[in-house]
Novice: 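Okay, here's the structure, questions in a sec.
On a predicted model such as this, the values are computed, not experimentally measured, just so you know. The figures that follow rest on heavy atoms only: side chains count, while hydrogens, waters and symmetry mates do not.
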There are 2 protein chains.
Amino acid sequence: MAKRHKTDSRPTIAEIAQIAGVSIPTVSKVLNGRTDVAQQTRERVERVIEEYGFVRNRAARALRKGKTGLVDLVLPRLDDEYFLPILEGASQVVREAGMRLVLTSTHYHSEEDAQWINDATDRSIDGILLVLPTEEAIERLEQAGRPFVLIHNQGGLLNMAPSVRITSWEGGFVATQHLLNLGHRRIAYIGKTSPTRDAIERIAGYRAALDAAHLPIDPQLECAGEFNEIDGYHATRALLQLAEPPTAIFAGNDHQAAGVYRALHELGITVPDEMSVIGFDNLPYTAIMNPPLTTIHAPRLELGRAAAAILVSLINEKPPETARVVLPTHLVERQSCRPLAQQAHRP
Amino acid sequence: MAKRHKTDSRPTIAEIAQIAGVSIPTVSKVLNGRTDVAQQTRERVERVIEEYGFVRNRAARALRKGKTGLVDLVLPRLDDEYFLPILEGASQVVREAGMRLVLTSTHYHSEEDAQWINDATDRSIDGILLVLPTEEAIERLEQAGRPFVLIHNQGGLLNMAPSVRITSWEGGFVATQHLLNLGHRRIAYIGKTSPTRDAIERIAGYRAALDAAHLPIDPQLECAGEFNEIDGYHATRALLQLAEPPTAIFAGNDHQAAGVYRALHELGITVPDEMSVIGFDNLPYTAIMNPPLTTIHAPRLELGRAAAAILVSLINEKPPETARVVLPTHLVERQSCRPLAQQAHRP
DNA sequence: GTGAAAGCGCTAACAG
DNA sequence: CTGTTAGCGCTTTCAC
């Protein structure tokens, strides 16, 4: 354990140097693990450092080196557990690289006075991880001239910025195909209106699967809805009003699926006996839903890790292996889907 | 919109000074809103700052002033949505104070090599928010001599460190009393073994409510269990093996309650027709459980806000109004509890 | 009101 | 191998 020195303030490199009877740069060299220090000198310095519990002042180092060791993670909001594993993954990798993660929540505030854009400029951070960025945010970031990586890039496809995404199209395709394989023909999709690219890809995947099965696309079965519980609920209520309701519902994400469950339960329709439901994301609570929800797994931890890894490479000016990665989704079968043949018919 | 200057690098205060035709300290004064600058000079400097999109270098300022504007939030882990509103609340207040939040997840790593304790020492942060700290962590933090605030202090009651907690005892009491008022007499509690102070208070509240109702404490009804789903599940399975099973279950937290639901569902026991269940925390998903879970609301956003507010005061050396706050919990009635009289009896 | 001078703690370049 | 010198960009006395 480090011994406390009499003064309240932490020792500086200068004091350590004086006590060890060497010059300041020598201490600095020891601190930075440089080889051009005599073994004996190194040991003496190390002993003093240990004894006085010396720790480098980061601000001074940052000023000198032009790097702060800080990475900013910018999220639209902090009240959705969807983001948690992304946070965790990014945090892990950033820490492994000896840096720290600064958290920013934009709350969808006007980009205009977005503080984080200044943070990108004032050299207080080395790089930025931007989750669900808008087109405008990306533009401003490009001008700031600091390394950044996009997570769930919502910008145009032409954008060549480093980014990490998931296979939303394939996810939508696979989810729909799963229902198709179970014999379902009238399959609804919820989440049509969401302007995010992931939402657009999901519905495109849904349509492609239908198309591959030579099934027509029924606009009545494509419901509006943002990625939240209440929209899943309303869409389901509407769906059940239809002359010919669907036998299966593909919810654009798990929150919506929870709303689907709630609406169905209110109407006395049981899952999967009378309705098959599939979600997207594989949030933890879907495993304990009743019945457990079949869903598409979105590799969120890996999303955070991959993005952070690219950013760290960028910061260290080692070109990353690939600056644009797409992580695969996969189907998680649980108990919310059933073959149409075994499913009871509604009047 | 700030115009870009020809050079790639951001302008420094020196360049701004030169362009505006004033000295460096004058620019600094303008930047810091000092009054001893002629109106005309100020405007000229401001114009140049605006035009060149100048932003202060934080590292330099931090070095000079000894403050970094960074607050470290240290969490045991990042994979439990319980922490999310705490994060959000802390983030809000920290940002309102013009500072930024650095995130650290200890993953319950040995305190020995805890990096965050160094961060506390190296002047790279101005203060620390410690969630669910161990006794040892607190001791080390006290030695580090930097402001800190504890959230969910698990340390001894004697500890006088600034802290924010919730009324776990009252929560336990109210939850139990609610069940008692409903006519239940055999009420189980899950979460006995958890060593955290909140767990201890909850069971104490449970016992006190029983005691107040002149009911004996049956050790068989006090189940072991950490605050997770699986332990709630196992405890429930065990409870149902009892010769005389409980008619109501008080789960130490919502994750456990989810496990209770799962076990009950497997056994074909319906909630609340055959078993009343109450949880603790009021996590978002409890509202969409089936049936929606009655639970004790833990004000987590406020926890984060309050802790951050105290820390900000401490950092600014304004003594906070109170350095030790306890936030009230309250009952959220939903549909998982029913009067014993209306509840079906199990064989 | 304004600016010259000093220095926060550290690292990099180079001379010895 | 070691130490001297020179700043990184900013804020702070303190003369003028």
Novice: I need the residues from residues 61-72 of chain A with at least one non-hydrogen atom less than 4.0 Å from DNA chain D; give them sorted by number, or say none.
Specialist: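 When residues 61-72 of chain A is checked for heavy atoms under 4.0 Å from DNA chain D, the hits, listed by number, are Leu63(A), Arg64(A).
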Novice: Reading DNA chain C in the 5' to 3' direction, which nucleotide is the first one with an atom under 4.0 Å from a heavy atom of chain B, and which is the last?
Specialist: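 With heavy atoms of chain B under 4.0 Å away, the range is dG1(C) to dG9(C).
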Novice: Compute whether any side-chain donor of one residue and acceptor of the other, for Glu139(B) and Gln143(B), lie under 3.5 angstrom apart.
Specialist: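 Per modelled atom types, Glu139(B) and Gln143(B) side chains form no pair under 3.5 Å.
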Novice: What I'd like to find out is whether the side chain of Glu142(B) reaches to under 4.5 Å of the side chain of Phe148(B), using heavy atoms alone.
Specialist: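 When only atoms from C-beta onward are counted, Phe148(B) and Glu142(B) do touch, with a gap below 4.5 Å.
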Novice: Report the residues that fulfil side-chain hydrogen bond (donor to acceptor under 3.5 Å, both in side chains) with Arg300(A), sequence neighbours left out, ordered by chain and then residue number.
Specialist: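 Once residues adjacent in sequence are excluded, Arg300(A) has no partner under the side-chain hydrogen bond (donor to acceptor under 3.5 Å, both in side chains) criterion.
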Novice: Look at atom CD of Gln18(A) and say whether more than 12 heavy atoms of other residues, nucleotides or ligands are closer to it than 6.0 Å.
Specialist: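 Incorrect, the count does not exceed 12.
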Novice: How would you list, by chain and number, every residue that makes a side-chain hydrogen bond (donor to acceptor under 3.5 Å, both in side chains) with Ser124(B), sequence neighbours excluded?
Specialist: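 Expected list: Arg100(A), Asp122(B).
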Novice: Suppose we screen for side-chain contact (heavy atoms from CB on, under 4.5 Å). Which residues come up paired with Thr41(A), at least two apart in sequence or across chains?
Specialist: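 Applying side-chain contact (heavy atoms from CB on, under 4.5 Å) to Thr41(A) gives Val22(A), Thr26(A), Val37(A), Ala38(A), Arg44(A), Val45(A).
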Novice: Contact class for Asn57(B) (heavy atom, under 4.0 Å): base, sugar-phosphate, or nothing?
Specialist: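 Answer is sugar-phosphate: Asn57(B) comes under 4.0 Å of backbone atoms only.
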Novice: Quick check on the helix from dG1(C)-dC16(D) to dG16(C)-dC1(D): what's the angle between its two end axes, five base pairs per end, to the nearest 10°?
Specialist: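 Between the axes fitted at each end of the helix from dG1(C)-dC16(D) to dG16(C)-dC1(D) lies an angle of 40°.
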Novice: Measuring only between side-chain heavy atoms, which start at C-beta, is Val131(B) closer than 4.5 Å to Leu73(B)?
Specialist: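 Side chain of Val131(B) against side chain of Leu73(B), heavy atoms only: contact under 4.5 Å found.
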Novice: What residue pairs, at least two apart or across chains, pass salt bridge (charged side-chain N to carboxylate O under 4.0 Å, His left out) with a residue in residues 302-313 of chain B?
Specialist: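 Of all non-adjacent pairs touching residues 302-313 of chain B, those that pass salt bridge (charged side-chain N to carboxylate O under 4.0 Å, His left out) are Glu96(B)-Arg305(B).
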Novice: Any Lys/Arg nitrogen of Glu51(B) or Arg47(B) sitting under 4.0 Å from an Asp/Glu carboxylate oxygen of the other?
Specialist: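 Result for this pair is no, no salt bridge flagged.
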Novice: Earliest and latest nucleotide of DNA chain D, 5' to 3', sitting under 4.0 Å from a non-hydrogen atom of chain A?
Specialist: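 So the contact region on DNA chain D extends dC1(D) to dG9(D).
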Novice: Applying side-chain contact (heavy atoms from CB on, under 4.5 Å), name anything that partners Arg61(A), two or more places apart in sequence or on another chain.
Specialist: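 So Arg61(A) forms a side-chain contact (heavy atoms from CB on, under 4.5 Å) with Asn32(A), Arg56(A), Lys65(A).
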Novice: Restricting to side-chain hydrogen bond (donor to acceptor under 3.5 Å, both in side chains), what partner residues turn up for Asp126(A), sequence neighbours left out?
Specialist: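 side-chain hydrogen bond (donor to acceptor under 3.5 Å, both in side chains) list for Asp126(A), sorted by chain: Thr68(A).
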Novice: Among residues 25-35 of chain A, which residues get a heavy atom nearer than 4.0 Å to DNA chain C?
Specialist: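 Those residues whose heavy atoms fall under 4.0 Å from DNA chain C, taken from residues 25-35 of chain A in numerical order, are Pro25(A), Ser28(A), Asn32(A), Arg34(A).
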Novice: Do any N or O atoms from the side chain of Arg42(A) and from the backbone of Arg34(A) form a donor-acceptor pair under 3.5 angstrom?
Specialist: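 Looks like yes, one N/O pair under 3.5 Å.
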Novice: Not counting sequence neighbours, which residues clear side-chain hydrogen bond (donor to acceptor under 3.5 Å, both in side chains) with Glu43(B)? List them please.
Specialist: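 Once residues adjacent in sequence are excluded, the partners of Glu43(B) under the side-chain hydrogen bond (donor to acceptor under 3.5 Å, both in side chains) criterion are Gln39(B).
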Novice: Looking at Thr322(A) and Val325(A), would you say the former's side chain and the latter's main chain have a donor-acceptor pair under 3.5 Å?
Specialist: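 Such a contact is absent between Thr322(A) side chain and Val325(A) backbone.
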Novice: Would you please indicate if the ring centroids of Tyr82(B) and His152(B) are separated by under 6.0 Å?
Specialist: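 Yes, the ring of Tyr82(B) comes within the 6.0 Å limit of the ring of His152(B), centre to centre.
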